[in-house]
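For clarity, every value in this text was computed on a predicted model and none was experimentally measured. When a ligand or atom number is given, it counts from 1 through the structure's own listing order. Along the sequence shown, residues are numbered consecutively beginning with 1. All values below were derived from every heavy atom in this structure, side-chain atoms included, with hydrogens, water molecules and symmetry-related copies excluded.
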Amino acid sequence: MKRSRVLVGLVGGIFCVALMSLYRMLDLMQGAELQHSVNSPVLQVDQELSHLQQKIDRLEHLLSDNNRLVATLRNSLIHRKASWEPKRGAANVSSDTNHSQADELPGCRLAGKMKDGAVGVQLLDVYDLLPFDNLDGGAWKQGFEIRYHGNEWDKQPLEIFLVPHSHNDPGWLKTFDLYYQDQTRHILNNMLIKLSEDHRKKMIWAEVSFFSKWWNDIDDQKREMVKRLVGAGQLELVTGGWVMADEANSHYFALLDQLIEGHQWIQRHLGVKPSSGWAVDPFGHSPSMTYLLKGAGLSNMVIQRVHYAVKKHFAQQQTLEFQWRQSWDSTPRSDITCHMMPFYSYDVPHTCGPNPSVCCQFDFHRLPGGRVFCPWRIPPKPITEQNIQERALLLLDQYRQKSRLFRSPVLLVPLGDDFRFVESSEWDAQFHNYQKLFDYFDQHPKLHVKAQFGTLSDYFQALQRRLSAAGTTLPTLRGDFFTYADRDDHYWSGYFTSRPFYKHMDRMLEATLRATEILFTLTLAEMRRFSGNGRVVADFPAREHFQRMTEGRRNLALFQHHDAVTGTARDPVVVDYGTRLFRSIMNLRQVLQSSAHWLLLLDKSIYHHDQSKPFLQMDDVISAQDALPQKTPLVLSDEPRPLIIFNPTEQLRTSVITIVVDSLDARVVDAETGQPMAAQISAVWTEPSRASTEAFQFSFVAELPPLSLVVYHVSKASAGSSHRAKYIFHRRGNTPTVHTKHFQVSHLTGPDADAPLSLSNKHLQIWSSLETGLLQKLRLQSGLVRKVQIQFLWYGTRTGADRSGAYLFLPGEEGAQLYSSSDPPLVRVSKGPIFSDITSCYQHFTHTVRLLHLDGHAGRSLEISNTVDIRSEKNRELVMRLASDVANGNRFFSDLNGFQMQQRRTLAKLPLQANFYPMSSSSFLQDSASRLTLLSAQSQAVASLRPGELEVVLDRRLQQDDNRGLGQGVTDNKLTANFFQLLLEERRGGTQEVGGASVDHLSLLAHLTSLSLCHPPVTMVTQSNSKLPKLHPFRPLSSSLPCDIHLLNMRTLEDAQEAGSPSQEAALLLHRKGFDCSAAPKPALKCTWSVHEEVNLDDLFSPLQFRSVRHSGLTLLREDDHDESARQQQPSHMTRLRPMEISAFRVEID
Ligand SMILES: [Zn+2]
């Protein structure tokens, strides 16, 4: 113990000395600054401020180095302490841990650390500061007049990189395939010819989906040419994702998966690794994406679609280039150098400088006689000997103005637009004319300018060189860039919800893909162990399955494109995406079923694969790309029928499984123990008050170990033996006629007819309005009561030229109007031993809240489901609002890509539509005593427009285009389902700040609830009349993972030699969550956690054994393997999992 005290002293000492020296340095620097003299007073102040800023940046850097040092020391201290502690079943501590110990957990420690105040600019504070006055800036309409003297570059010449690019949407107005046929293949074919002609010509390419398709079409000779161009630095693959992904609606699983797919392809075929990111078209930017890019080994990135007022402010501050840091990171580990484009768009008129009418004259694709022209009515001219001086100086003036917005004399100038460089003549027009201008600059050294074609990496290398030569560091920034506005009050918050049917389908595919990846990987490992010779079972179609999975990965990846999951493509393109998602779900189900088949067989020798007669089937069918899943009624007999449940989560869970059966009486037993499970029979309602006489819902409680396949036997039971749900029906003024033969129905009469409806379980009680069936109040077992009223509302759109569409939300001035219908809703209450619920049937939606009568965490939240159909409406958006008495002020939290929580501030100075944010999985409101969390299974728009309120947009139907190029409204609405979990938690010791600190996390309970919501159990049945072999359950793990560690994926990698085949290696992706500890559920959660950052992978996944473990970058590139650590880690696979961080390993399972 003495040694640890010495160490504490040492750490403290170092920290104090470092802090004192930092203060002293700051003092000295300020003194030096004041003695400096400059000509103009304004310039003087400006320069002083900018110098001071630079010094502060440097200090910041030193401080973070210092933090890192202290963190390292602290960690080694913790590690030492741990090694002296008596060993208690690995490093895991049981759930009995009390609250004070909970604060010590890494996930909480992290949040605590950040609440102390973090370095760098927080975008939330910028929002508080900005007036959002939208002043006319002159030539640069959304900016200001930029001045320069002309001698700024005398000592350090202006260095310009003109970066040719062509933005290829993998689907928007045309489908992916049609774009490829009509445009993309010509662009890439010409690229090969033109770049090979002249080594000075360069180009960048972002979308690997298109690039790989083209690669399949070209011969070996051309492939060699491509590799030569890449090797010579003429062609650069930027970002390297399958698509340029949307950053608002996409979930981090899919964001990372499309990046893995792209990077793996690039490494395999081109042997390189992307180093710079390029995201010029996604409608707002998320730090979750930057986290993934940094983790994948990128060091720089470019973003474009940022609110024009933020751009202006950053331009004024010269902070358009910055180190983007994760809000939760107290170290610079997650920093990535980011360049934000200053102007309106990524096209040529908005990239050479502030004046689009001038810049457009340098888009030589718009020369007179072509198909495109300059809307500013001054056409480009070909560069000739006669006009070159005038042209060169005109262009240089724009370059110089633009350069004044940045801290270094290196300038990035993109040259391109959507689907550019299709024709050979366009290449020549751009390259020849620009080369003449560059040559002119070279011939006139007094201009102090060097211009050339370049790639992104050329630019960033020059930038880093110039910055370090000048001793300049870039400022640090935290936060995100939502919600985007490109002009006026045109906020792009509509696409957070547009086409919600497909946003939900996206997440269904995501869950199916993850479940299949994990089960397939485990199956291959089991097979290799079983065969004893490292081979998979001969009859198992491993290669075909791997190709199905590859297709599934690529279709999910394609859908992350910024016109796909966003819901901003044309109707036929949406159908194309939908068909791909649908087909992938079907194909992946086949892989899942045949993997489960082999794993479950007691006698593996009888395994036989027959694609036409699968042994297992899902318990539901999806009939088409635009249909919701339907449960297939199961025919029961006295013979037990096997029911197989796969738990795709890494946690032991108690779940309610519901199947549809043909019998009113059924029983289910655990096939292994013969133990009967608690069950309930409920009606299948074919209409709101008409119960099916042939089909019934059979629900039972299943205990599902982590990643297990459990077998149950379900059979017909003796008449009257099953618990049947009881129903109460109510409709104001018009008692409904209920058609049911088998269920007890009552109507509320007498004194009951005035009392609110109430449901309760062990953990919570709810009250709903009798008249509407809608929730009014929640009460926790502890006694905490919160008003939580569910309401439904309509938004309309404004009148005039600019109206809501696929991208934009432009509501009418009246705001939201309470949903009302001439007919009062039918309210149906069901009560049973397994669950109870209240359903309200309205014309446009059916809304259900359900309580499970379970002890585990599934019983602590309220399930909310809506089936929405607004096809009868015009220009309307349906909203579900929770109105509570939580005193959150104007602050609430919404998630970014399911990866992290971001604080939001509702600002009165912004229009209503600006206060809507993306919510891909969660959102919460809190005050010092309670937190109300809404978890969702799909992405949609969320807002908290008044204290205590939280509203989500469920569907939108808009008749017109919103002038962003799509050329149509959104009128392909469907019957759409959406699912939520509502969680009320008591807080103790939470932050006193109203509404919460700038960094906050979900609680562990919320994480677990979200995991269950997004990854439901998969139910499979055997063919009814087949003669059944003996089955046994599959339980790969002896215990749950610690509940803050999420198995993001276990993904089989492609064989390095044999293309299209699975290798023995898998990508193991673990995400350690940060969590809030001020909500401490009582009784405590039944899960384990580790108090250390160091964990042993063998312990974590016991009894699975890893033959090899290589810590790697997030996209699993071989060159990122930390080989040394792999060797050192043998044979015990200790590794460090930091809170909030995703860790990637290449593993081989023994
Ligand atoms: Zn685009």
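Here R223 pairs with D220 under the salt bridge (charged side-chain N to carboxylate O under 4.0 Å, His left out) rule; sequence neighbours left out. Under the rule for a salt bridge (charged side-chain N to carboxylate O under 4.0 Å, His left out), R377 has no partner lying at least two apart in sequence or in another chain.
Checked against the Zn ion (ligand 1), the N, O or S atom of H562 at the shortest distance is NE2. Restricting D281 to its N, O or S atoms, the one at the least distance from the Zn ion (ligand 1) is OD2. Of all N, O or S atoms in D169, the one lying closest to the Zn ion (ligand 1) is OD1.
Heavy-atom neighbours of K141 NZ from other residues, nucleotides or ligands within 6.0 Å: at or below the threshold of 12.
In this structure, a donor-acceptor pair under 3.5 Å is absent between the side chains of Y502 and N249.
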